[in-house]
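Letters A, B, ... are given to chains in the order of the sequence lines, protein chains preceding strands, and every chain is numbered from 1. Heavy atoms only: backbone and side chains are in, while hydrogens, waters and symmetry mates are out.
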Amino acid sequence: MRVIVVGGGRVGLETAATLDEQGHSVVVVERDPDRCAAIGSEYVATVIEGDGTDPAILSQADLDRADVVAALTGDQSTNLAVCLLADRLADVRTLLRVTGAAGAEAFEDVVDEVVYPERVGAMAAVNGIATEAVRALEEVTGALAVLEIEVAADAPVAGRTLADVSLPHGTLVVSDATGDRVADTDTELTPGETYLVAAESDVTEEVRQLFRG
Amino acid sequence: MVGMGAMIGAGIFVLTGLAADAAGPAAVLVFALNGAVTAFTALSYAELAAAIPESGGGYAYVKEVFSEATSFLMGWMLWFAYMIAGALYAVGFGSNFATFLGMVGIDVPESVSVVGVTVPVGATALALLVVVVFVALNALSTSASGGAETAVTLVKIAILVVFAAFGAFAVETSNFSPLFEGSALSLLPAMGLTFIAFEGYDLIATVTEEVKDPEETIPKAIFYSLAATVAIYIGVVAVAVGTVGADQLGRAGETAIASAAASFMPTIPGLGIGGGTLIAFGAVFSTMSALNAVVLASSRVAFAMGRQGQLPGGVERIHPEFGTPLRAVLVSAAVVLVAVVAVPIRQIGNLSSLFFLLSFVVVNGSVIRLRRRRPNLSRPYELPFYPIPPVLGIVLNLLLGLFIDPIIWGMGVAWLALGGGVYLLLARGD
């Protein structure tokens, strides 16, 4: 895949490095010359120095051959301009970085993908802070949460098979205790073991009570 | 080190005899001038490699800069040039190994006559064998090839330095006069012939992946290996010509260095074998590691092309068990084997040189085009005095190309035409 990342700050560079690791071809567009030199030293992407909202600059990133344009600067308006420009100039998927949760959904009609990196970062921080045995794995778009839950010894579901317990509607136990197999009705919820559970947001609290007591 | 590994050693062992045959004592100048010509292309490679973090060498850069069709032809040329270089090294290995065995007392039947045609059975068989061995290594494991490269290169350099150091005392200056056989223009065909000895830039660029601070390390890697290669080449060729004379070198062909060494190297104390045997061993060793490098490079180019949908037959597939682009390796190997048997060594060298010359022209062109079309591209290394070096690179490479035999051009054009056909068929398939 060929990806154009506009904005070579922390988010942009990390994205470029990860894409490069996965074998994708990346072009970074960045305004600041010093930042360009720093990205060049990482040797993960071709770098175009200039303003990504300038058509003359963006087309130097070889827009026609790109599959995705990811607008990842720290400025939401700039990102939106980049996405709209890219959409106008070529047939590419566009990804918009927003800087606040409020009103973010409205952009989903305008661009192909909306990301809010601060939110994902906050989730990771909360996971690091939380010592309890429930961890959200990653924020998934929509209302679904994927949790890693350890079954407490005195929990309502402890020691029972999935056939015997009645989990709230909108819950799915994904894997068994060993993590090797997908759970089925015979899977036993052993105390002290950890399970991967997908739950819709309105039932996560109920699931937590069932597994943790 | 990989690029230098491929440049140093095999090229000099295999090509010295051919250069001496074509240019006489001026063979020394041939290598020096080729070094000067490639220096311009080296600058272009440095600029591109520092700016475009893609492995795959010249093909990868051209793919960034030019149209689909151009990048296809570039890949098609480079792929073939590497395979043909592989054949050259395999043949060089075969004859040097036969010589080496002869020196330690094992005789390989040099040739048999089949219906009046003399076929060098022993050496050719050895050449085919070594191709099979290294293809198997490259096919079965990705790590078999890379790890020992630095050590191997150092050993090769050490052997060549020993050769030049001992030989320097045995040089007779009379061997250098007259310097030119015929006119000075006779240098040009010899330069074209031995150009293949400088293929290493593309290899350096082919394997630059895990690089930090490319603005420093890549130009350094390219320029140092050029300087070291040219210095060693000149020293070795000067000693070889100075000790046994160009005529005898020319007759010895791809075993020229080993036979020159036999004339002056002292017997190694304790081992009871001549120092010439050590040099012959160096030749065997060098051709082997160079063969390994080009088998790797040719399969990488084929693999990269397959990924872009520019080669058919699933060459882009990584074999699930071995983790290598098995099909790409096997296809490359098949061509190498055919070339070893079917094409004479001089033609092999010429054809490969022609394609490297042409691909270097395209690489220089890429620098110019990229500067024009993407002025804002951040270039961690910018070549000095733009646009003079790339323009000179193009002109000089084309000039050398003009002195390559029309028959070779014919073969080259035929291969390109075949490539054009493949390209059109694939395009229609889409």
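Here the shortest heavy-atom pairing between A/V47 and B/L377 reads O-CD1, 3.3 Å.
In this structure, B/N376 CG and A/E30 CD are separated by 12.5 Å, a value rounded to the nearest 0.5 Å.
Side chains of A/S41 and B/E216 form no contact here, defined as non-hydrogen atoms less than 4.5 Å apart. Looking at heavy atoms from C-beta onward, B/P53 lies in side-chain contact with A/T46 at the 4.5 angstrom threshold.
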List the atom pairs, donor and acceptor, that lie under 3.5 Å between side-chain atoms in residues 61-74 of chain A and the rest of the protein, sequence neighbours left out.
from  : atom 1 : to     : atom 2 : distance (Å)
A/D62 : OD2    : A/R65  : NE     : 3.0
A/D62 : OD2    : A/R65  : NH2    : 2.8
A/D62 : OD2    : B/R374 : NH2    : 3.2
A/R65 : NH1    : B/K63  : O      : 2.6
A/R65 : NH2    : B/K63  : O      : 3.0
A/R65 : NH2    : B/E64  : O      : 2.9
A/D67 : OD2    : A/R2   : N      : 2.7
A/T73 : OG1    : A/D75  : N      : 3.2
A/T73 : OG1    : A/D75  : O      : 3.2
A/T73 : OG1    : A/N79  : OD1    : 2.6

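Of the two parts of A/S59, neither the backbone nor the side chain holds a non-hydrogen atom closer than 4.5 Å to a non-hydrogen atom of chain B.
With sequence neighbours excluded, the residues forming a side chain to side chain donor-acceptor pair (under 3.5 Å) with B/E47 are B/R371, B/R379, listed by chain and number.
Within 6.0 Å of CD in A/E14 there are 12 or fewer heavy atoms belonging to other residues, nucleotides or ligands.
Between chain B and the residues A/A37, A/G40, A/A45, A/G50, the most heavy-atom pairs under 4.5 angstrom are made by A/A45.
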